[in-house]
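Encoded as structure tokens, the structure appears first; notes follow it.
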Amino acid sequence: MNASSRSTVLSLGSINADFQVRVDQSPGSQETLLAHDFSRLAGGKASNTAWLAARFGHRSLLIGRVGDDDLADQALGPLRDAGVNIDGVTRAKGQQTAVSLITVPPDAKKQIVLATNANDHWDEPAMLAMEQLIGRTEAPAWLVADCEVPAAVVARAVEAACVRHIPVVLDPSFPDRVPADLLPQLDAITPNTSEAEALTGREIDGPEDAAWAARQLRERGVRIACVKLGDGGCVLDAGDGAIHVPPGDVQPTDTTGAGDAFTGVFAVALLEGLDPVDAAAWGVAAANLAVTGYGSKPAYPDREQVASMATRIRQNARCLDAEG
């Protein structure tokens, strides 16, 4: 898999200022918890996928909203440093930049409280600027969108991408912002199990249930459905039956941003011409490697690391349909 300087990844969605700490016990009691390893980071789903696209050698354009406050620099600084084009990021006057408050307990399963702030404040000039940017984008390109911005914004971005024949990958967080008529316009969708449950109305308990959910999403119009599993693997349905792509063997430190790593690298792999199963193996490898470090972007792997793990993961992929 080789990067091309002509290839473009457009990342539309949330841009956050992250405030993250480690705690020695899971939150939930009324007692004050002591924390350590405080970090101020750049976060958000679109921010993370844009950063990964640049890291993997592609032209990366970020589209989203920040506030007219000092937190905007925290959210955008690392992206500028990574070579992400942030011309598509506009300021929401009178709004604060979105903030994620993240605690990471000993089991590494992060808990996030998100104040959407500027992410949810789009005006007509901002949406027109978004449509114009997508309209100027030359192929080959993919749009990676998430639903941590208003549904109307995602719908207009997807429509603009379709006009330009730019394929779309959707991370359906939040799933209640995904209208049914959006699904037929998507080339790929990457829900986690809770999001897949919300989209299909059925509880998911294991790969077989995920295979059912992926098939349902395909029947509703999505070309490639990929359900991310809680253990770090995924179940993919691209039209030839459901494939279980297992996780790698890693010791998790922090699960923050792992799902974004999957979606970002999965989209990059599809852009570079990999078949869907190989692309899913790359996504799984990226997500697994991401949990071995603290924070999202600081823990994200490079191309060589992903390629090495993806080769091993792909060898263990199995067809669920063949096993009944």
Side-chain angles (χ1 to χ4, degrees), residues 9 11-16 18 20 41-53 55-56 98 100 102-104 107-114 116 119 144-149 154 169-178 186 188-199 204 207 210 213-214 217 222 224-236 245-248 250 252-270 279-301 306 309-310 313:
V9 176
S11 296
L12 164 74
S14 59
I15 304 168
N16 307 336
D18 285 359
Q20 183 163 334
L41 302 166
K45 288 185 172 294
S47 169
N48 287 340
T49 58
W51 193 91
L52 279 161
R55 183 167 176 78
F56 275 65
S100 284
I102 306 170
T103 57
V104 183
D107 66 3
K109 296 180 180 179
K110 91 291 186 182
Q111 295 184 333
I112 299 178
V113 176
L114 171 65
T116 57
N119 287 335
V144 184
D146 65 73
C147 297
E148 292 185 353
V149 294
V154 176
V169 178
L170 182 72
D171 180 339
S173 173
F174 306 105
D176 60 348
R177 296 185 177 188
V178 183
L186 304 178
I189 192 168
T190 61
N192 60 27
T193 53
S194 64
E195 291 156 359
E197 289 174 351
L199 291 170
I204 295 175
L217 292 169
V222 183
I224 302 169
C226 198
V227 179
K228 299 174 288 192
L229 302 176
D231 64 2
C234 74
V235 171
L236 172 86
V245 181
V250 297
T253 296
D254 175 12
T255 59
T256 305
D260 304 342
F262 177 95
T263 300
V265 173
F266 181 59
V268 163
L270 292 172
W282 277 71
V284 167
N288 280 236
L289 290 164
V291 306
T292 62
Y294 185 55
S296 52
K297 293 180 182 67
Y300 282 165
V306 169
M309 178 175 280
I313 288 172

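Predicted, not measured: the structure shown is a model, and the values here were computed from it.
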Notebook entry, point to check: Under the salt bridge (Lys or Arg N to Asp or Glu O under 4.0 Å) test, which residues partner Arg55, sequence neighbours left out?
Noted result: none
Notebook entry, point to check: With a 4.5 Å limit on heavy-atom distance, are the side chains of Thr49 and Val9 in contact?
Noted result: no
Notebook entry, point to check: Are Asp254 and Gln20 close enough that a side-chain donor and a side-chain acceptor fall under 3.5 Å?
Noted result: yes
Check: Distance-only, no hydrogens or angles: does the Glu148 side chain make a donor-acceptor pair with backbone N or O of Gly13 under 3.5 Å?
Finding: no
Check: Just by modelled atom types, is the Ala108 backbone N or O under 3.5 Å from a matching donor or acceptor in the Thr255 side chain?
Finding: yes
Margin query: So if I apply the side chain to side chain donor-acceptor pair (under 3.5 Å) rule between Lys297 and each of Asp18, Thr256, Asp260, Asn48, which one comes out positive?
Written below: Asn48
Item checked: Separation between CG of Asn16 and OG of Ser296, rounded to the nearest 0.5 Å -> 9.5 Å
Next item on the list: Mind listing the closest non-hydrogen atom pair of Ala98 and Ile15 along with its distance?
Entry: CB-O, 3.6 Å
Note to self: Looking at every non-hydrogen atom in both residues, tell me the closest pair between Trp282 and Ala269 and how far apart they are.
What the structure shows: CB-CB, 4.2 Å
Margin query: Would the distance check show the side chain of Asp146 and the main-chain N or O of Ser14 forming a donor-acceptor pair, the cut-off being under 3.5 Å?
Written below: yes
Check: Looking at SG of Cys234 and CD1 of Ile313, how far apart are the two atoms once the value is rounded to the nearest 0.5 Å?
Finding: 9.0 Å
Item checked: Side-chain heavy-atom pair Thr263, Lys228 within 4.5 angstrom cut-off -> yes
Notebook entry, point to check: What pairs meet the salt bridge (charged side-chain N to carboxylate O under 4.0 Å, His left out) rule with one or both residues in residues 283-292, with sequence neighbours excluded?
Noted result: none
Next item on the list: Give the C-alpha distance, both sets of side-chain angles, the deciding distance and a yes or no for side chain to side chain contact (heavy atoms under 4.5 Å, CB included) between Leu170 and Val154.
Entry: CA-CA 9 Å; Leu170 182 72; Val154 176; 4.0 Å; yes
Note to self: Tell me whether the rings of Tyr300 and Trp51 are parallel (<30°), tilted (30 to 60°) or perpendicular (>60°).
What the structure shows: tilted
Next item on the list: Identify the heavy atoms of Thr253 and Tyr294 that sit nearest to each other, and give their distance.
Entry: CG2-N, 4.5 Å
Note to self: side-chain hydrogen bond (donor to acceptor under 3.5 Å, both in side chains) for Ser194 and Asn192? Distances and angles first, verdict last.
What the structure shows: CA-CA 6 Å; Ser194 64; Asn192 60 27; 2.9 Å; yes
Margin query: Which heavy atom of Ala290 sits nearest to which heavy atom of Ala261, and what is that distance?
Written below: CB-CB, 4.0 Å
Next item on the list: Quick one: closest heavy-atom pair of Val306 and Pro301, and the distance?
Entry: CG2-CG, 3.6 Å
Note to self: Could you measure the distance from the CG atom of Leu270 to the CD1 atom of Ile224? Nearest 0.5 Å is fine.
What the structure shows: 5.0 Å
Next item on the list: Applying side-chain contact (heavy atoms from CB on, under 4.5 Å) between Leu199 and each of Leu217, Val222, Val227, report the one that passes.
Entry: Leu217
Notebook entry, point to check: In Å and rounded to the nearest 0.5 Å, what is the CD1 to NZ distance from Ile102 to Lys110?
Noted result: 8.5 Å
Next item on the list: List the atom of Ala267, the atom of Val169, and the distance in Å for their closest heavy-atom pair.
Entry: CB-CG2, 4.1 Å
Notebook entry, point to check: Hey, what do you get for CE (Met309) to CG (Leu289), rounding to the nearest 0.5 Å?
Noted result: 4.0 Å
Item checked: Separation of Leu229 CG from Phe262 CZ (nearest 0.5 Å) -> 9.5 Å
Check: Heavy-atom distance under 4.5 Å between the side chains of Val178 and Glu195, does that happen here?
Finding: no
